[in-house]
Amino acid sequence: MIFETKKLFYEDSRLSSFDATVLGVEPLKKGFGIILDKTAFYPEGGGQPADRGKLFCSSGEVSIFDVYEKDGIILHRADKPVGVGEAVSGRIDWPWRFELMQHHTAEHIVSGIIHSIHKLDNVGFHMGSESVTIDVSGALNDSQISEVEIAANKVIYENKEVLASFPSEEELERLSYRSKKKLSGQVRIVSIPDADVCACCGLHASRTGEVGIVKITSFQKYKGGTRLSLLAGLKAFADYSEKSCGIDAASSLLSSKQDEIPAAIKRILDENAILKQAVSSFKAQDNERRAAMIPDGARLAVSFEEGASAFDIRLSCLALCKKAEIAAVFSVSADGVKYAIGSFSSDCRSLAEDLNKAFGGRGGGKPELVQGAAYADPESLRSHLLEYFGSFAEV
Ligand SMILES: [Zn+2]
């Protein structure tokens with residue numbers, strides 16, 4: 001049986017509710033595919049995600065969570081079946097659709113401007129839940145992106161009419177329009193004066209002013225070209241608000257005016273680098289001072305360092321090894337200890353294995369240096385090491 005569904009969305013892209021008759025229902029792997037005699041639900045296509053919404057029928061309401069076209073038939077994927085021949089009312093999720101139309105129209109404006117100013121083609125387009133991405137066929141720099149962004153927002157404020165038409169083959173031949181591929185059959189052309197002429201089957205705002213604003217939030221090199229991410233309408237506004245809050249917080253923390261934040265961060269990073277260098281130098285001197293305290297001929301030197309990093313206990317251990325045959329340095333925390341055990345003259349792995357066995361630890365390394373962690377406290381480690389070595393120097 002051949003079903004033909006009238007595409008109300010092409011007659012009026014702002015139509016959010018409609019009446020229809022059920023022509024067919026088929027069970028799908030997930031839900032039921034409902035076929036209507038007419039629909040305002042847009043099926044996924046042209047980079048634009050499908051509509052969602054509800055159908056109201058005599059038995060109650062049915063949720064539509066996907067719409068797609070297969071072999072020329074539009075299937076509304078529903079959570080429940082509806083009787084064939086039944087009269088239904090459809091209502092699409094308008095905020096969802098409107099947001100998609102805003103972003104889709106923004107994509108046309110930006111792609112059209114990039115095409116006319118920089119002679120680059122749109123070679124990829126994705127409308128995700130977070131943002132829209134556009135892939136263009138060449139490189140763009142900061143100032144070019146900024147120029148495109150300003151031009152696109154001007155087109156929005158000029159509130160130009162967005163036109164969709166199905167030109168004849170002769171008209172199409174004379175028309176210069178963007179298209180990702182060679183098209184045949186009936187081609188739908190979407191035009192935005194002074195911005196874009198493009199073959200597209202998706203749905204768009206009626207006028208550019210409905211887009212509100214477009215912001216290119218990021219761009220990067222991608223497959224020899226550039227990938228741009230953009231936001232439009234309330235999503236762009238939400239992004240602005242979130243970033244504004246973040247900047248306010250940074251401004252308050254740094255006690256700097258907004259335009260002075262980068263310089264203030266740079267100053268802190270420079271100071272931090274100097275402090276890190278000073279701390280590192282101080283630690284190295286302290287390690288040498290403590291190594292000098294170890295008696296000549298000591299078999300084992302031990303050190304407990306509150307909350308030290310794995311990197312710091314390794315440096316400490318290597319310094320203490322210069323005076324003792326073996327050095328064991330422990331970083332103490334409420335969870336137990338991290339250890340670094342080292343030796344320049346013997347295999348220190350047996351001591352590490354012994355500690356792991358005695359205190360449920362784990363770790364590994366080379367004969368000259370082993371690092372790991374164990375569930376132990378300084379007192380039990382001191383007792384255990386005393387038993388193992390007879391004596392040790394604690395520094
Ligand atoms: Zn489009």
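All ligand and atom numbering here is 1-based and tracks the order in the structure.
- Inspection of the E353 and S350 side chains reveals no N or O donor paired with an N or O acceptor under 3.5 Å.
- For the residue pair S58/E86, the side-chain donor-acceptor check at 3.5 Å is satisfied.
- The side-chain heavy atoms of L36 and T21, taken from C-beta on, include no pair separated by under 4.5 Å.
- What you find for A205 and T105 is that their closest heavy atoms are N-OG1, 2.8 Å.
- Here the side chains of D248 and Q258 are in contact, with some heavy-atom distance below 4.5 Å.
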Go through the steps for Y68 and H76 under the test ring pair (Phe, Tyr, Trp, His ring centres under 6.0 Å), then give the verdict.
CA-CA 7 Å; Y68 60 97; H76 302 73; 9.5 Å; no
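- The Zn ion (ligand 1) has H104 NE2, H108 NE2, C200 SG, H204 NE2 as its protein N, O or S neighbours under 2.8 Å.
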